[in-house]
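Data block below; observations after.
Worth saying up front: this structure is predicted, and the values here are computed from it rather than measured. Residue indices begin at 1 and follow the sequence shown.
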Amino acid sequence: MRYNEFGSGGWRHYSGQERPCGLTPISGSPLGAGSREAHVQWGSVTTGRQRVWVGYFMQVIQDDGNEWLVEHPHSTRAALTMIEADLNKDGWSLGVIGIDPEWRESGLSANSGWGYHPDIGRAVHMLEPMCTLSRDC
C-alpha cells in the first residue's frame with residue numbers, strides 16, 4: 001500500500017498544508033485544565049489512480065496520537081466547523097478564529113483558509129488563535 005504525505009493509504013489521497021495548534025479543553029470537560037499540542041492539516045481530497053477531486057479535508061492530530069478527520073465536498077470552512085463539532089464531543093476545542101460566526105471568506109479567498117473578521121483590520125487565516133481578536137496572543 002502506498003501512503004501519501006499525511007500518512008493515509010488506500011484510494012483516498014490527502015494533500016495540503018499543515019500548521020501547529022493547541023487544543024483546549026472545553027468548560028465542563030472531564031479532561032482537566034491545560035491545552036495540548038496538536039497539528040492541523042487541511043487541503044484537497046482526491047481518490048483513485050487518476051486522482052479525481054472529491055472535496056476538502058481537515059485533520060487534527062494530537063501529539064499523543066489521537067486523530068480526528070473530516071471531509072466536506074465544497075468547503076474548507078465547513079470542514080473546520082465539522083471537525084470542531086467532533087472535537088467538542090470529545091471535550092476539546094481548537095479555539096481558532098475560523099469558527100467565529102463573524103469570520104468571512106471573500107470570493108477570491110474561498111477555500112484558501114484566508115478571510116476577514118470585522119474586528120481585525122487585515123486578512124487573517126482561519127486557523128489563527130481566537131486570542132487574535134483580543135490581541136492577547
Side-chain angles (χ1 to χ4, degrees):
M1 182 178 292
R2 186 172 159 202
Y3 291 90
N4 68 35
E5 64 189 273
F6 289 139
S8 298
W11 288 98
R12 283 192 127 44
H13 306 277
Y14 300 93
S15 62
Q17 303 172 46
E18 182 175 344
R19 161 181 281 208
C21 71
L23 291 178
T24 307
I26 56 177
S27 60
S29 168
L31 297 171
S35 63
R36 297 244 175 104
E37 294 294 316
H39 284 50
V40 177
Q41 300 171 341
W42 74 99
S44 298
V45 182
T46 56
T47 187
R49 241 183 235 148
Q50 299 298 319
R51 302 281 176 120
V52 176
W53 191 84
V54 175
Y56 298 98
F57 81 97
M58 178 101 22
Q59 182 175 29
V60 174
I61 304 170
Q62 265 184 335
D63 284 352
D64 65 7
N66 290 330
E67 292 184 31
W68 296 264
L69 173 68
V70 298
E71 295 179 13
H72 193 275
H74 306 293
S75 166
T76 56
R77 175 89 184 273
L80 175 61
T81 303
M82 290 169 60
I83 205 151
E84 178 69 10
D86 285 356
L87 287 164
N88 288 173
K89 288 176 194 171
D90 291 336
W92 295 103
S93 175
L94 276 172
V96 294
I97 202 153
I99 59 174
D100 187 303
E102 293 190 45
W103 184 87
R104 299 279 187 263
E105 295 174 292
S106 71
L108 295 175
S109 69
N111 294 317
S112 70
W114 290 93
Y116 298 91
H117 193 281
D119 296 336
I120 300 174
R122 61 176 173 79
V124 61
H125 196 274
M126 67 182 177
L127 296 176
E128 292 275 334
M130 192 67 89
C131 61
T132 303
L133 287 173
S134 62
R135 302 199 184 355
D136 290 338
C137 296

Apply side-chain contact (heavy atoms from CB on, under 4.5 Å) to H74 and Y56, showing your working. CA-CA 7 Å; H74 306 293; Y56 298 98; 5.7 Å; no

The test is side-chain contact (heavy atoms from CB on, under 4.5 Å); show your working for E84 and M58 and say whether it passes. CA-CA 10 Å; E84 178 69 10; M58 178 101 22; over 6 Å; no

Using the side-chain contact (heavy atoms from CB on, under 4.5 Å) rule, take L127 and C21 through it: C-alpha gap first, then chi angles, then the decisive distance, then the call. CA-CA 8 Å; L127 296 176; C21 71; over 6 Å; no

Run the numbers on Q62 and L23 for side-chain contact (heavy atoms from CB on, under 4.5 Å), then give the verdict. CA-CA 8 Å; Q62 265 184 335; L23 291 178; 3.4 Å; yes

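The side-chain heavy atoms of V40 and Q59, taken from C-beta on, include no pair separated by under 4.5 Å. Residues D100 and M130 have side chains in contact (heavy-atom distance under 4.5 Å, counting atoms from C-beta outward). For the pair H72/F57, no side-chain contact is recorded, criterion being any heavy-atom separation below 4.5 Å from C-beta on. For the pair L94/I83, a side-chain contact is recorded, criterion being any heavy-atom separation below 4.5 Å from C-beta on. Within the 4.5 Å cutoff, side-chain heavy atoms of E105 are placed close to those of T76. Looking at W68 and L87, their side chains come closer than 4.5 Å, going by heavy atoms from C-beta outward. By the 4.5 Å heavy-atom criterion applied to side chains, S75 and N111 are counted as neighbours. Inter-residue side-chain proximity for Q41 and Y14 is flagged as unmet; no heavy-atom pair is nearer than 4.5 Å.
Residue I99 comes nearest to S93 through the heavy atom pair CD1-OG, 4.5 Å, listed as atom of the first residue, atom of the second, then distance. Residue V70 comes nearest to A79 through the heavy atom pair CG2-O, 3.2 Å, listed as atom of the first residue, atom of the second, then distance. In plain terms, the two heavy atoms of E128 and R19 that are nearest each other are N-NH1, 3.8 Å.
No side-chain donor-acceptor contact under 3.5 Å links S44 to the backbone of S15. Listed for the R77 side chain is a donor-acceptor partner under 3.5 Å among the backbone atoms of G98. Distance alone, capped at 3.5 Å, is enough to place a donor-acceptor pair between the D64 side chain and the N66 backbone.
For the pairing with R12, the side chain to side chain contact (heavy atoms under 4.5 Å, CB included) check across V45, T46, L69 returns one residue only, V45.
With hydrophobic clusters built from ILVMFWY side chains whose heavy atoms lie under 4.5 angstrom apart, W114 does not share a cluster with L80. The hydrophobic clustering, which links ILVMFWY residues whose side-chain heavy atoms are closer than 4.5 Å, places W92 and M126 together.
Defined by atom type and a distance below 3.5 Å, a donor-acceptor pair is present between the side-chain atoms of S106 and S109.
A centroid separation of less than 6.0 Å is found between the aromatic rings of H125 and W42.
Salt-bridge annotation for R36 and D63: absent, with no side-chain N of the basic residue lying under 4.0 Å from a carboxylate O of the acidic one.
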